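Input: a single structure, listed below in structure tokens.
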Amino acid sequence: MVMTTTHAETLSAAGRPAPASLGALARWITAADHVRIGLSLTLGAALWFVVASAVGVVLGLERLDSSAALVDAGALTQLFSLHRFALVFGVAAPLMLGLSLWTLPAQLHASNISLPRLAAFGWWAWLAGSATVLVSYLFNGGPGGGAQQYVELYLLGLGIVFVGLIALAVVVATTVLTRRNGQRLASIPLGAFSALVGAIGIALTLPVAIGAIVYVWVDFVNARVAFGGAGFINTWLGWTTREPQTLIYVVPTLGILADAAARTARITSARQPLRGVLLVGVGIAATVIMSSVTQQAHVFALGDTPFATLQSFVPFALFNLLPLLAPLVVIMLSLLALKAGKPSVSGALVASLFGVGMVFTGLVGSAAMHMDALGLVGTVFGEAALVYVVYGSVLAALGGVALHIGSLTGRPLPDVPVILLALTGFLATVLASLPHYVAGFMDQPANSATGYSDAGVVGVANAAVALGHALMLLVVVAFVGLVAQSRRGTPSADRYQTQVST
Amino acid sequence: MTAPALTAGPARRTSTVFVASAFVAGAVAMLMGGMLAIWLDFRANAPTRVAEDGGRLIKDWLKKDVAIPEVLSNTMMFTFVVACLMAQWAVYAARRGDKSHATLALAITLFTGLALLNAQIALWVQMGIALRTDAYETMFCAITGTMFAIIASAMAYSFVAMFRVLAGRVNDVDVLAGHALYWYAVSGTFAAMWFVVYVQK
């Protein structure tokens, strides 16, 4: 007797086999595994990166001439706001969470993540919410928008994005805590530990923003007597896209660097020098959670008395200087790990080292901006700090992909192209940020394309920023191409694993 | 001679849902904490003016003609205690494999949730506030509306937990413990809101 087995999902209603591409699409849409969800988030972040860098280029070109308008003046406020949203909630947060979901089971020796359906919900919620936000911007919504329905749509979309990110963060944190296969928390790879710290930070800070959205929305659709209407949305929600809060979203970069250093030095995670200090260093980033409680910037100003100065300095130091220790400790101890082992140059290390270095530079800039004596509040200095942090996280993510892709797919990336891309990405990040640090000292105003002299250094700075954004876009596109090309090759053993075991 | 095969050890207790519930509970607490922080900020900075009799300064916050029905708000507070007790009873019963008592406990938890929603609606109706006049009314509706949604989410959790127990998964203590934890967190959150919004006003 011959038995024939047919799979129901491959047959259409008429009994004919359904197209393979349709089946693949259906599987992708209904996917609840860490690989597909993680990759979907990463690719979604890559698409948002195209938006963010394109807007960055447009804004840079718009600022070349402070008297001429490339973009309609009414749309400029929304364009600046879109740039921030795209960088933080389009790129940094989903990229880090996606990378964490993709790599966590391999790091923890688990078969899958915890609560995979919640992860799928988080991914779809983020996608739907971010698309809603983009649509609202396109139709004169967003902060400062003139179309009431689309401002409401913006608030709704932002709320959905936050709900999605919180769901993903809960999945990441729960996976690390419940799928360690007997490992102590202090023994898990730094990548997993930093993912846990970042996820807890997101799960505890973004709900505060949702509360603010509820207030602003109720006020906006009714009396508009308390929260000031569309023009004041960022007064209540701006802290979510400013430093130090952005450090919470990019904490996983610290783990990527620490793990890349250990692998490059050919030492196991447990043999990292001063591992306890490293864990504490990553944990320090969690102090940023307090920023959501106060929801305001803490500026250091010299007072009339020493006590008044101290009163100003303590919160400034707590919110702006203490978080600096996190990347600083990780960078120093990662370099120490290289000294302790037998290192060779690797793409993962170079990219993640540049990435965390850029994050650190952004945080230093943010701390400087909060010093009243420097007079940088309200200048482009703050925009540059955000670009440093986000582009730094993108560079570190490139390092993270290079670090883990060999173990996950059996097709490691060649080091030389990754190193070249990391160097170019470093140059692009500096071009997109550093000139605005300089322009900040020359009082070029933030979120504006007028009110400054575009001659001399400031003009050159704005041109360099536009160039930097464009260059960074090319780096990301080239890296995606490199990954796609590597998938054509024959699977081979991960060279890092081979080196550690020998 | 072959070594005797080892028997399987006890199944490893997973606490995935409990841990996830703890994170969601923390998120809910932060949501309400943030809203209460903004509430306190607005109340502290509400504009002051001299009263019509000229004798004292008054704050433009809660209008004189708006009265909060304290019987209702206090009843809600006590109802939360009942909900928590029932949720914990469900855990107790599940640990003993007692399906009927676990189901009963979850059903009562669900019913107390319904009572809480009913009380909240009654409170809004009795207060009779509109949303179109001042900051207090806007913020009151926003914060109590959010609490309403949080209670509804806890009820949804109770419903799912009850469905699972009815379907035979009575020994899944992890879910029921997570459910009880969530109700504790919602109760704590309500207690904070009750004190700030209904008692201190």
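Convention: sequence-line order gives letters A, B, ...; per-chain numbering from 1. Keep in mind it's a predicted model, so treat the numbers as computed, not measured. Below, each value reflects all heavy atoms present in this structure, side chains not excepted, and no hydrogens, waters or symmetry copies.
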(request) Show your working on side chain to side chain contact (heavy atoms under 4.5 Å, CB included) between A:Val208 and B:Leu31 and close with a plain yes or no. (result) CA-CA 5 Å; A:Val208 178; B:Leu31 165 67; over 6 Å; no

(message) More than 12 heavy atoms of other residues, nucleotides or ligands under 6.0 Å from CH2 of A:Trp217: yes or no?
(response) no

(message) Could you check whether any side-chain heavy atom of A:Thr174 comes within less than 4.5 Å of a side-chain heavy atom of B:Phe18, counting everything from C-beta outward?
(response) no

(message) Between A:Ala209, A:Pro207, A:Ala173, who has the most heavy-atom pairs with chain B when the cutoff is under 4.5 Å?
(response) A:Pro207

(request) For B:Ala27 and A:Leu204, work out which heavy atoms get closest and say how close. (result) N-CD2, 4.2 Å

(message) Does any backbone or side-chain atom of B:Phe42 lie under 4.5 Å from a heavy atom of chain A? Answer side chain, backbone, both or neither.
(response) side chain

(request) Using the test side chain to side chain contact (heavy atoms under 4.5 Å, CB included), find all partners of B:Phe148 that sit at least two apart in sequence or belong to another chain. (result) B:Leu117, B:Gln120, B:Ile121, B:Trp124

(request) Supply the atom-to-atom distance B:Cys141 SG to A:Asn222 CG, rounded to the nearest 0.5 angstrom. (result) 8.0 Å

(message) If I measure from the heavy atoms of chain B, does A:Ile210 come under 4.5 Å with its side chain, its backbone, both, or neither?
(response) both

(message) So, taking the atom named CD in B:Glu137 and the one named CG in A:Asp219, what distance separates them when rounded to the nearest 0.5 Å?
(response) 12.0 Å

(request) Output, in order, the C-alpha distance, side-chain angles, deciding distance and verdict of side chain to side chain contact (heavy atoms under 4.5 Å, CB included) for A:Thr205 and B:Met30. (result) CA-CA 7 Å; A:Thr205 55; B:Met30 288 297 280; 5.5 Å; no

(request) Write out, in numerical order, the residues from residues 97-114 of chain A with a heavy atom short of 4.5 Å from a heavy atom in chain B. (result) A:Ser114

(request) Kindly say whether B:Ala142 contributes a backbone atom to a donor-acceptor pair with the side chain of A:Tyr215 at under 3.5 angstrom? (result) no

(request) Would you indicate whether the side-chain heavy atoms of A:Ile166 and B:Phe23 approach each other to under 4.5 Å? (result) no

(message) Just checking B:Phe111: does its CZ atom have more than 12 heavy atoms from other residues, nucleotides or ligands closer to it than 6.0 angstrom?
(response) no

